[in-house]
Asks: 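Just passing along the structure, written as structure tokens.
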2 protein chains.
Amino acid sequence: MAQRFAITLTQLSYFVECAKTLNMTAASQELHIAQSAVSTAINQLEKSLGAPLFVRQHSKGLVLTPAGEELLQQARQIFGLITDTVESIQAGQKEVRGTITLACFKTLAPFLLPQLLGRLQEKYPELTVDVIEGDHEEAMGALRSGRAEIALNYDLTETDGIHSEVVGEVRPHVIVHTDHPLARRRKVALVELADDPFVLLDLPDSREYFLNILRAAAITPRVKYRSAGYETVRSMVAMGLGFSILNQRPRISQTYTGARTAILEISDPAPSLHVAISTLARGAQTGKARAVTATVKEILAEAAQP
Amino acid sequence: MAQRFAITLTQLSYFVECAKTLNMTAASQELHIAQSAVSTAINQLEKSLGAPLFVRQHSKGLVLTPAGEELLQQARQIFGLITDTVESIQAGQKEVRGTITLACFKTLAPFLLPQLLGRLQEKYPELTVDVIEGDHEEAMGALRSGRAEIALNYDLTETDGIHSEVVGEVRPHVIVHTDHPLARRRKVALVELADDPFVLLDLPDSREYFLNILRAAAITPRVKYRSAGYETVRSMVAMGLGFSILNQRPRISQTYTGARTAILEISDPAPSLHVAISTLARGAQTGKARAVTATVKEILAEAAQP
DNA sequence: CAACGGCATCACTTCAACAGATGGACCTGC
DNA sequence: GCAGGTCCATCTGTTGAAGTGATGCCGTTG
């Protein structure tokens with residue numbers, strides 16, 4: 001088809017080399033192509049522009065015409081602009097500055113974000129982090145739609161087009177009222193709670209996960225209350241309305257406020273949740289994204305160590 | 001071979017169209033190419049830059065990434081610069097302004113240049129004319145070397161690579177002292193001057209021409225004096241040192257000063273000289289060159305009319 | 001005048017761009 | 001929930017542009 005633009009960057013670069021050497025043969029060697037290729041390229045360029053660029057001096061090389069002078073000057077600017085653009089974009093992918101938008105699973109946010117944002121601020125003062133909180137679908141939607149560059153959540157579903165990396169493991173724990181008979185125990189078997197009413201954290205993806213843990217222990221849960229709010233569930237347990245199972249970060253949980261609840265390990269082989277960082281699979285990761293990923297890993301590693 | 005520049009203007013133009021429509025299919029139709037071509041072009045561009053430009057929304061088109069935003073902005077500038085450059089050069093070929101360098105055969109200059117420069121100044125106030133005077137070889141050399149864009153001389157030799165156009169005819173005339181027996185005549189046969197001493201205008205190309213005129217009339221010229229200067233030859237004739245043959249513009253000659261010489265037509269079938277305007281054959285002519293050519297023709301046409 | 005330098009041109013080759021078809025992922029409406 | 005539609009990616013085959021190497025022409029130089 002007809003070229004949208006008359007000239008080619010290749011032609012222009014050949015022209016610049018010719019203008020430098022004033023000798024097509026020398027230029028062709030410099031460019032590592034045949035002399036004939038340079039000749040045809042320059043001729044085409046002249047034809048496209050409708051102006052001669054060089055005066056050919058037989059066996060004495062080339063002389064720039066006024067049109068050639070003008071083109072040379074402009075060509076330098078054009079290449080400058082293009083290389084600046086390319087380099088700026090490539091650098092933008094590497095540099096850790098500017099803004100990154102992070103999507104975060106709602107219940108993960110309070111345990112992770114305060115430390116994460118603090119640490120990032122400290123390490124990368126020029127980086128601004130925007131946060132989108134939401135449920136799993138919302139977080140992944142933000143990622144897919146480009147509203148967020150990186151997403152932090154549990155790896156509940158494996159979707160394609162998205163690259164996920166597990167950065168931490170979160171084991172489920174039982175939460176009971178401090179007056180509960182088992183509250184003093186460090187570890188319980190789920191069957192010991194078989195008769196207690198269950199308070200369910202009722203979020204799109206978590207729902208099945210928690211119920212499955214109980215079912216795996218051959219318990220038919222008496223779901224007395226349910227809520228989509230993490231804090232609400234804890235309050236209900238604190239009020240003595242039942243026990244619950246939550247995914248709680250061991251270290252962080254201790255500092256997370258709230259009295260009147262005890263956290264117990266589960267002796268059953270309950271499946272852990274994996275905290276995953278997701279980005280779009282297409283293309284290399286941004287420097288910003290890598291910085292966030294690294295910092296999250298750092299924090300989780302520190303939390304895992306005593 | 002490896003592309004000197006990672007990206008292509010074609011790719012960039014496809015990208016811009018995609019960024020406008022946010023839909024590769026629509027862009028491909030707008031560009032009149034297959035959708036697959038757009039897809040691969042964008043993918044290559046992303047690969048070259050090492051950055052994703054669009055987030056693909058299945059069945060909902062595209063969303064620009066930050067890198068894409070930046071590229072779009074820069075691409076507009078790049079295309080602006082390129083089209084400005086191309087247009088400026090193309091316009092520069094057409095516009096009659098700036099400077100043109102004109103090479104002129106030395107003996108033609110005093111008859112033609114004063115009128116020509118005056119007329120050009122009047123018609124094209126923004127045009128500056130630089131003049132290089134010299135013999136035929138010097139004028140053509142200036143043309144070939146690019147020092148002059150246009151050359152004005154007699155079409156003595158037909159050289160290739162140079163486009164020449166005959167714009168006027170100059171018949172040779174006899175010049176004699178006003179006291180010469182034939183001075184009153186309007187027309188003479190050369191044989192009538194066979195015994196007079198001849199004053200030769202001795203320039204590289206004119207020499208043979210004048211002598212040939214005499215030889216054609218079966219006269220063996222008695223070359224008493226010779227000079228490379230037109231004025232010198234006239235002075236010699238005015239001093240009565242002999243007769244001469246010169247190419248003289250009929251109309252202009254009358255106003256060209258100097259007494260004591262008479263100008264006679266030659267009844268023999270002596271070959272005229274043709275005034276030719278030459279430019280390099282390569283490429284189209286500049287607007288400036290066309291303006292000069294036209295003005296020269298204009299002046300010569302007026303001179304030919306009574 | 002012969003050797004050389006330098007650009008243009010020719011015939012041939014190669015590779016990137018393109019067309020057209022297909023498939024997968026997702027959205028939408030019934 | 002399923003059928004149809006949208007949109008992008010990918011595959012295969014084709015075509016044209018860019019490149020190669022040889023040759024010729026012109027002009028310079030010693």
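Note on naming: letters A, B, ... go to the chains in the order of the sequence lines (proteins, then strands), and numbering restarts at 1 for each one.
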Asks: If you take all heavy atoms of A:Y154 and A:V275, which pair is closest and at what distance?
Replies: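 Of all heavy-atom pairs spanning A:Y154 and A:V275, the closest is CE2-CG2, 4.0 Å.
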
Asks: With a non-hydrogen cut-off below 4.0 angstrom, is B:Q35 in contact with a base, only sugar-phosphate, or nothing?
Replies: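 The answer is base, as B:Q35 lies within the cut-off (heavy atoms under 4.0 Å) of a base atom.
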
Asks: From CG of B:L45 over to P of C:dA17, roughly how many Å is that when rounded to an integer?
Replies: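 Between P of C:dA17 and CG of B:L45: 12 Å.
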
Asks: Using whole Å, what does the distance between atom P of nucleotide D:dA18 and atom CG of B:L9 come to?
Replies: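 Rounding to the nearest Å, CG of B:L9 and P of D:dA18 are 13 Å apart.
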
Asks: Checking A:T279 against A:E149: is there a side-chain donor and acceptor pair closer than 3.5 Å?
Replies: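 Short answer, no.
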
Asks: For A:Q44, report the nucleic acid contact type (base, sugar-phosphate, nothing); a contact means any heavy atom under 4.0 Å.
Replies: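 Result for A:Q44 = sugar-phosphate.
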
Asks: Taking atom P of C:dC7 as reference, at what distance in whole Å does atom CG of A:L53 sit?
Replies: 14 Å

Asks: Examine the side chains of B:Q74 and A:T85 and answer whether a donor and an acceptor come within less than 3.5 Å of each other.
Replies: yes

Asks: Can you tell me which nucleotide in D:dT10, C:dT9, D:dG19 comes closest to the side chain of A:S39?
Replies: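 The closest nucleotide is C:dT9.
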
Asks: For a side chain to side chain contact (heavy atoms under 4.5 Å, CB included) with A:L102, tell me which candidate from A:D130, A:L143, A:L152 qualifies.
Replies: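 Of A:D130, A:L143, A:L152, side chain to side chain contact (heavy atoms under 4.5 Å, CB included) with A:L102 is met by A:L152 alone.
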
Asks: Grab the CG-C1' distance between A:N43 and C:dC10 for me, whole Å please.
Replies: 14 Å

Asks: For nucleotides 11-13 of chain D, tabulate all protein N/O to nucleotide N/O atom pairs closer than 3.5 Å, reporting atom names and distance.
Replies:
none

Asks: Could you tell me if B:E30 and B:T21 have a donor-acceptor pair between their side chains, going purely by distance under 3.5 Å?
Replies: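 Side-chain D/A pair, B:T21 to B:E30: absent.
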
Asks: Is any side-chain heavy atom of B:D202 less than 4.5 Å from a side-chain heavy atom of B:F210?
Replies: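 Result no, sub-4.5 Å side-chain heavy-atom pair not found.
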
Asks: Between D:dC8 atom P and B:Y14 atom OH, what is the distance in whole Å?
Replies: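 So the two atoms are 16 Å apart, to the nearest Å.
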
Asks: Side chain of A:M24 only, heavy atoms from C-beta on: which candidate in C:dA8, D:dC8, D:dA9 is closest?
Replies: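 Selected nucleotide (nearest to the side chain): C:dA8.
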
Asks: What pairs of nitrogen or oxygen atoms, one from the protein and one from nucleotides 25-28 of chain D, lie under 3.5 Å apart?
Replies:
from, atom 1, to, atom 2, distance (Å)
D:dT28, O4', A:S59, OG, 3.0

Asks: Quick one: B:Q57 CD to D:dA9 P, roughly how many Å, whole number?
Replies: 12 Å

Asks: So, is A:N23 near the phosphate of C:dC7, with a side-chain N or O under 4.0 Å from OP1 or OP2?
Replies: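 Result: yes.
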
Asks: A:Q93 versus B:P66: any side-chain heavy-atom pair under 4.5 Å?
Replies: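 With C-beta onward as the side chain, the pair stays apart.
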
Asks: Does A:V38 or B:E46 map to a spot on DNA chain D nearer the 5' end, using the closest nucleotide for each?
Replies: B:E46

Asks: So do the side chains of B:I42 and B:C18 get within less than 4.5 Å of each other, counting heavy atoms only?
Replies: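 B:I42 reaches B:C18 side chain to side chain.
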
Asks: Does the A:E138 side chain pair with the main chain of A:D135, one donor and one acceptor, at a distance under 3.5 Å?
Replies: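 Here the side-chain-to-backbone pair exists.
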
Asks: On DNA chain D, compare the nucleotides closest to A:A34 and B:T25; which residue's is nearer the 5' end?
Replies: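 Closest to the 5' end, via its nearest nucleotide, is B:T25.
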
Asks: Among C:dC7, D:dC8, C:dA19, which nucleotide has an atom closest to any side-chain atom of B:A37?
Replies: C:dA19

Asks: Quick one: bend of the helix from C:dC1-D:dG30 to C:dC30-D:dG1 from 5 pairs per end, to 10°?
Replies: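 What I find for the helix from C:dC1-D:dG30 to C:dC30-D:dG1 is an axis angle of 30°.
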
Asks: Can a side chain N or O of A:R56 be found less than 4.0 Å away from OP1 or OP2 on C:dA8?
Replies: yes

